[in-house]
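First up is the structure itself, then whatever we jot down about it.
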Protein chains: 2
Amino acid sequence: MPEYRAPLRDMRFVFDEVLDAYATLQTLPAQREFGDDLGGAILEEAAKLAENVLAPVNAIGDRQGCQYDPQNHSVKTPEGFRAAYRQFADGGWTALACPTEFGGQGLPHVLNMMVEEMTCSANLSLGMYPGLTHGAINALVAHGTPEQQQKYLPRLISGEWTGTMCLTEPQCGTDLGLIRTRAVPQADGSYAISGTKIWITGGEHDLVDNIVHLVLAKLPDAPDSVKGISLFLVPKFLDDSSRNPAFCGGLEHKMGIKGSATCVMNFEAARGWLIGEPNRGLACMFTMMNSARLMVGMQGLGIAEAAWQISLGFARERLQSRSPTGPKAPDKAADPIIVHPDVRRNLLRQKAMIEGCRALAYFTGLHEDVAHGHEEPGVRQQADDLVQLLTPVVKAFLTDEGFACANDALQVLGGSGFTQDWGIEQLVRDARITRIYEGTNGIQALDLVGRKLNLGGGRALRAYFGLIQQWLGEHADAPHAKSVARALERLQQATLWIATQGMQDAEQAAAAATPYLRLFALTSLAWMWSRMAAVASRQLAQGSSETAFYGAKLKTADFFMARLLPESESLLVEIQAGKASLMAFSDEEFAA
Amino acid sequence: MPEYRAPLRDMRFVFDEVLDAYATLQTLPAQREFGDDLGGAILEEAAKLAENVLAPVNAIGDRQGCQYDPQNHSVKTPEGFRAAYRQFADGGWTALACPTEFGGQGLPHVLNMMVEEMTCSANLSLGMYPGLTHGAINALVAHGTPEQQQKYLPRLISGEWTGTMCLTEPQCGTDLGLIRTRAVPQADGSYAISGTKIWITGGEHDLVDNIVHLVLAKLPDAPDSVKGISLFLVPKFLDDSSRNPAFCGGLEHKMGIKGSATCVMNFEAARGWLIGEPNRGLACMFTMMNSARLMVGMQGLGIAEAAWQISLGFARERLQSRSPTGPKAPDKAADPIIVHPDVRRNLLRQKAMIEGCRALAYFTGLHEDVAHGHEEPGVRQQADDLVQLLTPVVKAFLTDEGFACANDALQVLGGSGFTQDWGIEQLVRDARITRIYEGTNGIQALDLVGRKLNLGGGRALRAYFGLIQQWLGEHADAPHAKSVARALERLQQATLWIATQGMQDAEQAAAAATPYLRLFALTSLAWMWSRMAAVASRQLAQGSSETAFYGAKLKTADFFMARLLPESESLLVEIQAGKASLMAFSDEEFAA
């Protein structure tokens, strides 16, 4: 099976050269010392870990999956997972962007996203155990009492323990108001938690000694809606080392991420403690969910990168037929298939999407750091607006495209791609879930049009469009600046349509949501590609010796504008078609 | 797991009402007696078989897969496959469209395609054993000697034996000129066949007593290209019941179709007999391949239909959240998710694609019958032109959309769709191969622009466009006739672009191939939807009591035109962008 190589040069191109991220980070008090020497060294270490520790156990994780033992409700992870997780935690990777006061390293969130990309390229299943733990950490940092924080955060951050997010129940996924799990107050201030949760990632496993469940449940007197859910902390083992009755009742049999334990969890009057205020669980949940959504976007990107590397290698080596314009490798039995225009179209589609998505993701991640760490509240607010606006776009588009690119990669390999031998079919299966969890991509689109467009009365949106327009004003001669401007016009037209129609009829906005998110993403990627091309062009003009690297950036930007951006035209037409053809269908007609 | 129900009403709508297929078939001498009584009865029996015999063993086929025993080179199919195959063969389904002189029933090819759709909705893996046998049957009917035909065809047609198509070798899939398998003439007129073939569907299994391999190999003095390959018949057991050394060397471990035995076949000086003329194997291969390609299209359609049924049922029953315009099922805890515009968009995308594809496929299949069975050579030629033109479109578009629709269906189910419990994830995995085998969809697109556009100097294409224009002329007031006309204009513009540019530069045509095939398909579906809407509209005007059924057709046509056909605009832009952004990339830039 081909080996994954972390795309450090591409990552640094976006981070250092396009976003000038160190300069921005150094404006934050906590990151004043964070420079290229430290950042570069960390990325290189993360690359080694991903390549040499996580990737080698990815295929076996898929083949073996997790094994459930009903005797003692235990779950055995695949061979090698425990040792690899140990190295991950011991290397400090669970602590990277966590607060220093609880043992974290306090490094930038965007750096953590870059590490996440590599982790997920190498082994999504394994990466999910510490990944979900981060949700629990974030909730405790934001909403835990000082006592709770001191008790749990250091061991979650060090990776000694892991955490879960227990939201979904059989009757409710998207609609958390339907939750039935109950929390009954006890005399000692704790709660007795009872109910069944499903699809709990890392609900039970053998990687660590204790698991800290964050569980949404309802207090006895709670309102019957999302305003009546509260968040509770339920550890697997209590202070006296006694087993809390929070048991795994079985594992899901899934299409992919088989090395990740997806558990049914039965809480049988388990002891738990309230996190945050009663009936304010939804706010806590969103604290976990928002950063998780950006991370799911990185999962899509990471998988696409891994698949792309395999398909590019295959296309350059596989000899089959001749170029339409005559032999390109006359000394060989046939030409490598990369000579064929249609194979190149496939490869460049992957390359343009992956690199464009990477730039958009890091751009968003950098603003997350500003939103958390800048001294001025106004600057923090602006950055937070942007993160909120772009989070559903990053989550949905990077996972839709992660899956699409992995499928493109599989197609390059033909029949070989369909077999286990090359590893791509696993990447396709693993990628499929990222379009679903942490809010399906349809929900992301509704979040974008329903909540984020109106954020601060449209403030977030105006600020983002303003950023693009400002850049265009300053870079009128950048490659493809006109294409970006035209795409932005289309996006603004679509936005206006939704604002006008949606104000009168919420179904109109909802009917436009999915194509709108895609139009938003393609426009954003066009901007990113113009920015990347501008940097590449400057480097070449200044005589850089990396002519192939920068030349590739210019040509990928050309490809994006010529062959991918045109989709924005038909998306606008689809958006403006409105809800009529969707809502006209009656129940009887669907049943006919 | 939800149960599959054959969409007989929809199938008959296309066959009887839209295509008026019985009238066309009755112009053929062999089908004069074939009417609705017989056709309807056969479809109902096929539906029962698919629903009650094939579908029930589909999931177990996936879980168990095929098992290889290296001791005796044998392959065990999943539990229940043998019994189900027995019922399939005993019911005469292997013989349906085969020539009566060899025990076939001589029924229309298009009817066989309709049965294939149901077979593949129910169990693609099982359907592949008789499916591939048909390739062998077609090759023997077209190229076998009378003696060979008498010896093998009756038992292949009855399903007593099965057949294979042994083309691919490790070093060659698409490029059959690279074949290394050798055929050495023997004194008795037979040949000693030696070499290794891979990805041989049904190369070894326990469903029947004998397997007839059709093997591409090279004679000792053969030219070193596709002009040097010949076709040989190699039975597993020889006349004296001795074992021919054509052994299965192992099974592929695949993403899907796990119940289908995909074999490595080692021919160790196995005895074989030449089919057709020496060095003319490629022509024989295309005899097998062309009808196989239409059937692969039906596989994509069949899988999409099965997935669609599950997702529609789920969307109508799953209660989650409320409609954006207020509760639609106030008596329930939440509304069924089908109230949501974005869920409807997903469902209608499937419905519009599936029903449009079905119409295009039956349209093509009906012309196949005319091409084989009409008395006048000119009519046969015209029909054959159309079949040749549309075969790559049906193969590629129905499998691309089969996979896309199955993924849409999975998305409707959210997390449930990712688990084995609902069966959709298997459909997605099974569907993935259809975009690859019998010529990848990229190869189909190259076939369309490279060979089929020029068929008879453009005669086939002109005839097809002429048919659409003639229909538009006669149905100017049909629903969406103007949209069809505009789509056809775009397709003609694209065709002209390819004809002009491609004449000077073969890479230009190849660079346009994939988006051109898609534009061709979308335009064809627009025509089909306008035709379907015209029929539905007439039925409603004439007071049909099936108001929901015909109303749904009208509204699905509206949806197709409003939300799916706009893609044709951006496809045209992409086509006209040309090859520049693809071919500018150097090897160094790809490696950078």
Side-chain angles (χ1 to χ4, degrees), chain A residues 173-175 178 199 252-255 312 320-321 324-325 333-334 340-342 344-345 348 411 414-415 418-420 425 432-433 435-437 440 442 445-446 506-507 510-511 513-514 548-549 551-552 555 558-559 562-563 566-567 569-570 573-574 577 579 581-585 588-590 592, chain B residues 173-175 178 199 252-255 312 320-321 324-325 333-334 340-342 344-345 348 411 414-415 418-420 425 432-433 435-437 440 442 445-446 506-507 510-511 513-514 548-549 551-552 555 558-559 562-563 566-567 569-570 573-574 577 579 581-585 588-590 592:
Chain A
T174 298
D175 186 356
L178 302 176
W199 299 336
E252 298 293 340
H253 297 283
K254 311 185 300 292
M255 183 184 189
L312 177 64
Q320 205 75 181
S321 303
T325 52
H340 293 285
D342 195 61
R344 288 170 168 251
R345 188 193 55 79
L348 289 171
Q411 194 71 18
F418 194 67
T419 67
Q420 289 182 355
E425 67 88 27
R432 187 64 188 83
I433 188 61
R435 298 170 62 192
I436 295 170
Y437 59 24
T440 66
L446 292 176
E507 282 181 346
T514 289
F549 180 80
K555 290 175 185 175
D558 292 347
F559 172 84
R563 294 203 157 236
E567 189 190 344
E569 298 181 27
S570 45
V573 176
E574 189 192 342
K579 73 169 197 175
S581 70
L582 303 179
M583 304 316 292
F585 253 80
E588 295 71 35
E589 285 163 344
F590 268 118
Chain B
T174 297
D175 186 357
L178 302 176
W199 299 337
E252 298 292 339
H253 297 282
K254 312 185 299 293
M255 183 183 188
L312 177 64
Q320 205 75 181
S321 302
T325 52
H340 293 286
D342 195 60
R344 288 170 168 252
R345 188 193 54 79
L348 289 171
Q411 194 71 17
F418 195 67
T419 67
Q420 287 183 354
E425 66 89 27
R432 188 63 187 85
I433 189 61
R435 299 170 63 193
I436 295 170
Y437 59 24
T440 66
L446 292 176
E507 281 180 346
T514 289
F549 181 80
K555 290 174 185 175
D558 292 346
F559 172 84
R563 292 198 159 241
E567 190 191 342
E569 298 181 29
S570 44
V573 176
E574 189 192 342
K579 72 170 199 176
S581 70
L582 303 179
M583 304 314 293
F585 253 80
E588 294 71 34
E589 285 163 343
F590 268 117

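Every heavy atom of this structure was used, including side-chain atoms; hydrogens, water molecules and symmetry mates were not. Below, chains carry the letters A, B, ... as their sequence lines are ordered, and counting in each starts from 1.
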Applying salt bridge (charged side-chain N to carboxylate O under 4.0 Å, His left out) to B:Glu569 and not counting sequence neighbours gives none
Assert top hit (heavy-atom pairs under 4.5 Å, partner chain B, pool A:Ala592, A:Pro341, A:Ala333) equals A:Pro341
One option among B:Glu252, B:His340, B:Arg435, B:Glu588 has the most heavy-atom pairs under 4.5 Å with chain A, and it is B:Arg435
Highest number of heavy-atom pairs under 4.5 Å with chain B among A:Ala334, A:Ala510, A:Gly442 belongs to A:Ala510
Shortest non-hydrogen pair, B:Ser570 vs A:Pro566, comes out as CB-O, 3.2 Å
Exercise for the section: Just do the side chain to side chain donor-acceptor pair (under 3.5 Å) check on B:Asp558 and A:Ser581 with the steps written out, would you? Expected result: CA-CA 6 Å; B:Asp558 292 346; A:Ser581 70; over 6 Å; no
For B:Ala562 and A:Ala577, the nearest pair of non-hydrogen atoms, with its separation, is O-CB, 3.6 Å
All heavy atoms of A:Gln320 vs all of B:Gly173, minimum pair found to be OE1-N, 2.6 Å
Counting heavy-atom pairs under 4.5 angstrom with chain B, the leader among A:Ala513, A:Ala506, A:Ala511 is A:Ala511
One option among A:Phe549, A:Phe590, A:Phe418, A:Trp199 has the most heavy-atom pairs under 4.5 Å with chain B, and it is A:Phe418
Honestly, the part of A:Leu348 sitting under 4.5 Å from a heavy atom of chain B is side chain
Most contact-rich option vs chain A, by heavy-atom pairs under 4.5 angstrom, among B:Arg432, B:Arg345, B:Lys254, is B:Arg432
(Q) Closer than 3.5 angstrom, by distance alone: can the side chain of A:Gln420 be matched with the main-chain N or O of B:His253 as a donor-acceptor pair? (A) no
CE (A:Met583) and OG1 (B:Thr325) are apart, to the nearest 0.5 Å, by 6.5 Å
> Is the backbone of A:Ser321 close enough, under 3.5 Å, to the side chain of B:Asp175 for a donor and an acceptor to pair up by distance?
Replying inline: yes
**OP:** Please check if the side chain of B:Arg344 supplies one atom and the backbone of A:Phe585 the other of a donor-acceptor pair under 3.5 Å.
**Re:** yes
Turns out that what part of B:Leu178 lies under 4.5 Å from chain A's heavy atoms comes down to side chain
Honestly, the part of B:Tyr437 sitting under 4.5 Å from a heavy atom of chain A is neither
Most heavy-atom pairs under 4.5 Å with chain A, out of B:Glu567, B:Glu507, B:Lys579, belong to B:Glu507
Problem set entry | Donor-acceptor contact present, side-chain B:Gln411 to main-chain A:Thr440, <3.5 Å | no
Okay, B:Leu312 and chain A: the region with an atom under 4.5 Å from a heavy atom over there is side chain
